[in-house]
Protein chains: 2
Amino acid sequence: MHALGFEHHDHHRCKREALTTAEAHCARHRLNFTPQRRRVLEILLAGHRAMGAYEILDTLRDEGLGAQPPVAYRALDFLVTNGFAHKIERLNAFIACTHPDATHTPAFLICRICDAVAETHAEPARGMLGAAAEAAGFEIEQAVVEAVGRCPRCRDGAAPCR
Amino acid sequence: MHALGFEHHDHHRCKREALTTAEAHCARHRLNFTPQRRRVLEILLAGHRAMGAYEILDTLRDEGLGAQPPVAYRALDFLVTNGFAHKIERLNAFIACTHPDATHTPAFLICRICDAVAETHAEPARGMLGAAAEAAGFEIEQAVVEAVGRCPRCRDGAAPCR
DNA sequence: CTTGATATGTTACATCATAACGATTATCAA
DNA sequence: TTGATAATCGTTATGATGTAACATATCAAG
């Protein structure tokens with residue numbers, strides 16, 4: 001598996017696919033994919049980057065879909081809980097999942113210059129971390145893996161992506 | 001290397017050693033280990049857990065060492081920059097480094113029940129994450145690795161550590 | 001229709017963090 | 001010594017992120 005997010009690709013298609021996948025998953029699991037929740041996912045997919053809850057809320061407010069913080073946070077909780085979006089702890093921001101169809105342990109590559117984020121896959125629970133956890137008697141349920149550095153564009157000295 | 005933090009050990013000794021190490025490192029690198037910075041490290045070492053900046057600030061205030069947030073955040077910046085403490089992104093909190101003498105890529109085991117944190121070591125830049133970064137042309141400078149789960153005490157159904 | 005579960009709307013507040021600016025202190029070359 | 005410079009500290013004010021609590025609305029099951 002390789003990282004998505006830095007290279008160009010068909011945004012329109014990836015948005016459609018993510019929404020279709022989310023719809024199907026909700027239907028199968030009897031989850032309520034409400035207009036608000038759907039819209040927040042669409043906003044994240046359209047932004048195609050890590051977005052703060054208040055930034056998302058601004059859009060919802062403009063569209064008459066809710067004006068107070070809990071509106072955004074509740075929709076984001078739903079999306080994160082069900083794997084359609086992830087929280088980037090390092091940025092206190094949220095991003096649409098780029099491969100929501102797989103059971104996955106997401107890991108992120110975060111550019112410290114332009115804040116671009118690419119999602120990739122890691123299994124930190126294997127290897128050193130897993131061994132350390134086992135030795136300590138710690139049961140890993142979830143892992144936050146966020147690499148900070150420079151994305152290809154910013155390494156090249158090009159203008160930052162955004 | 002194994003995780004420190006869940007098992008009992010000689011707190012008095014580990015505090016002394018961490019302070020001695022920090023002092024020596026600052027002396028060697030001409031860093032200004034001021035009373036405020038030293039005191040914040042002592043507070044973190046005494047707490048022996050992840051502490052919020054405002055919690056640390058409360059102690060500083062009681063001791064007449066500063067009453068406003070920037071006082072705590074500046075000292076914490078210094079400690080984090082120089083590797084004497086780490087920020088736990090998941091908790092928005094700070095913890096003293098438990099092995100400040102080594103050049104290390106810290107990783108943390110965070111109990112979701114009692115918030116206990118153990119520091120261990122991982123090299124996520126090797127393995128899958130490193131391969132993904134290389135494939136994407138991303139240069140990893142630093143990594144946040146935070147495993148969330150249950151610590152030994154909370155798994156045993158015992159009363160939470162604190 | 002009622003009940004219970006889920007989702008939404010809103011107020012108010014809690015928590016985490018930093019910009020900006022002036023005062024103080026340390027350093028060091030002239 | 002003196003003056004320039006950088007680092008540190010003290011404070012005000014504000015920004016940014018996140019949640020508790022409660023009222024209202026919706027809807028499916030009994």
Side-chain angles (χ1 to χ4, degrees), chain A residues 22 26-27 29-41 43-44 47 49-82 84-95 112 115 144 146, chain B residues 22 26-27 29-41 43-44 47 49-82 84-95 110 112 115 117 144 146:
Chain A
C26 288
H29 294 79
R30 312 243 180 240
L31 296 169
N32 206 344
F33 198 44
T34 65
Q36 266 184 353
R37 291 167 177 176
R38 182 191 180 90
R39 187 68 193 115
V40 170
L41 181 54
I43 291 167
L44 285 174
R49 61 194 169 84
M51 302 177 76
Y54 280 72
E55 187 182 358
I56 293 166
L57 182 59
D58 287 341
T59 302
L60 293 180
R61 182 183 296 119
D62 291 346
E63 298 173 356
L65 280 170
Q68 303 306 325
V71 171
Y73 282 103
R74 283 168 185 157
L76 288 166
D77 279 352
F78 174 87
L79 297 174
V80 169
T81 298
N82 296 109
F84 306 137
H86 301 292
K87 179 168 187 184
I88 309 295
E89 297 288 348
R90 177 76 185 213
L91 301 176
N92 293 319
F94 301 83
I95 193 165
R112 69 169 158 78
D115 282 346
V144 174
E146 298 176 357
Chain B
C26 288
H29 293 79
R30 310 241 181 243
L31 296 170
N32 206 344
F33 197 43
T34 65
Q36 267 184 350
R37 292 168 176 176
R38 182 192 181 91
R39 188 66 192 116
V40 170
L41 181 54
I43 291 166
L44 284 175
R49 61 194 169 85
M51 301 177 78
Y54 278 69
E55 186 181 357
I56 293 165
L57 182 60
D58 287 341
T59 302
L60 292 179
R61 183 182 296 119
D62 291 346
E63 298 173 354
L65 279 171
Q68 304 306 323
V71 172
Y73 281 102
R74 283 170 186 157
L76 287 166
D77 280 351
F78 174 87
L79 296 175
V80 169
T81 297
N82 296 109
F84 306 137
H86 302 292
K87 179 170 186 182
I88 309 296
E89 298 288 346
R90 177 76 185 211
L91 301 177
N92 294 317
F94 300 84
I95 193 165
I110 306 170
R112 70 171 158 78
D115 282 346
V117 175
V144 173
E146 299 175 359

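The structure displayed is predicted, hence computed values, not measured ones. Just the heavy atoms: all of them, side chains too, but no hydrogens, waters or symmetry mates, feed the values below. In what follows, chains carry the letters A, B, and so on, assigned in the order in which the sequence lines appear, proteins first and then strands, with residues in each chain numbered from 1.
The separation between B:E89 atom CD and C:dC16 atom P is 13 Å, rounded to whole Å. Protein atom CG of B:D77 is 14 Å distant from nucleotide atom C1' of C:dA19, rounded to whole Å. Spacing between atom CD of B:Q68 and atom C1' of C:dA17 amounts to 13 Å, rounded to whole angstrom units. Put simply, NZ on A:K87 is 11 Å from C1' on C:dC16, counting in whole angstrom units. Computed from coordinates, the A:R90 CZ to C:dC16 P distance equals 18 Å when rounded to whole Å. C:dT8 atom P lies 15 Å from atom CD of A:E63, rounded to whole Å. For the pair A:L60 CG and C:dT10 P, the interatomic distance rounds to 13 Å; values are reported in whole Å. Atom C1' of nucleotide C:dT18 and atom CG of B:L57 are separated by 14 Å, given to the nearest angstrom.
Ranked by how close their nearest DNA chain C nucleotide is to the 5' end, A:R74 and A:P69 are led by A:R74. For A:V71 and B:A93, each mapped to the nucleotide of DNA chain C holding its nearest heavy atom, the one lying further toward the 5' end belongs to A:V71. For the pair B:G66 and A:G52, both in contact range of DNA chain D, the more 5′-proximal nearest nucleotide belongs to B:G66.
Between A:V144 and B:E89, every side-chain heavy-atom pair lies at or beyond the 4.5 Å cut-off. Side-chain contact between B:E146 and B:I88: present, with at least one pair of heavy atoms (C-beta onward) separated by less than 4.5 Å.
Note that the CG atom of A:L60 and the CZ atom of A:R39 stand 7.5 Å from one another [nearest 0.5 Å]. Within the model, atoms CZ of A:F94 and CG of A:L76 stand 5.0 Å from one another, a figure rounded to the nearest 0.5 Å.
Donor-acceptor pairing under 3.5 Å, judged by distance alone, is absent between the side chain of B:Y54 and the base of C:dA14.
The heavy-atom pair separating B:G52 from B:A93 by the smallest distance is N-CB, 4.1 Å.
A salt bridge links B:R61 with B:D58: at least one charged nitrogen is closer than 4.0 Å to a carboxylate oxygen.
When DNA chain D is scanned in the 5' to 3' direction for atoms under 4.0 Å from non-hydrogen atoms of chain B, the outermost contacting nucleotides are D:dT8 to D:dT12.
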Query raised in the report: Stepwise, does the side-chain contact (heavy atoms from CB on, under 4.5 Å) test hold for A:Q36 with A:V71?
Result: CA-CA 8 Å; A:Q36 266 184 353; A:V71 171; 3.4 Å; yes
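For DNA chain C, the neighbouring residues in residues 30-38 of chain A, judged by any heavy atom under 4.0 Å, are A:N32, A:T34, A:Q36, A:R37.
With sequence neighbours left out, A:Q68 forms a side-chain hydrogen bond (donor to acceptor under 3.5 Å, both in side chains) with no residue at all.
Contact annotation: B:Y73 reaches the phosphate of C:dA17 (side-chain N/O to OP1 or OP2, under 4.0 Å).
Both the sub-6.0 Å distance and the 45° axial angle are satisfied by B:R37 relative to the ring of B:F78.
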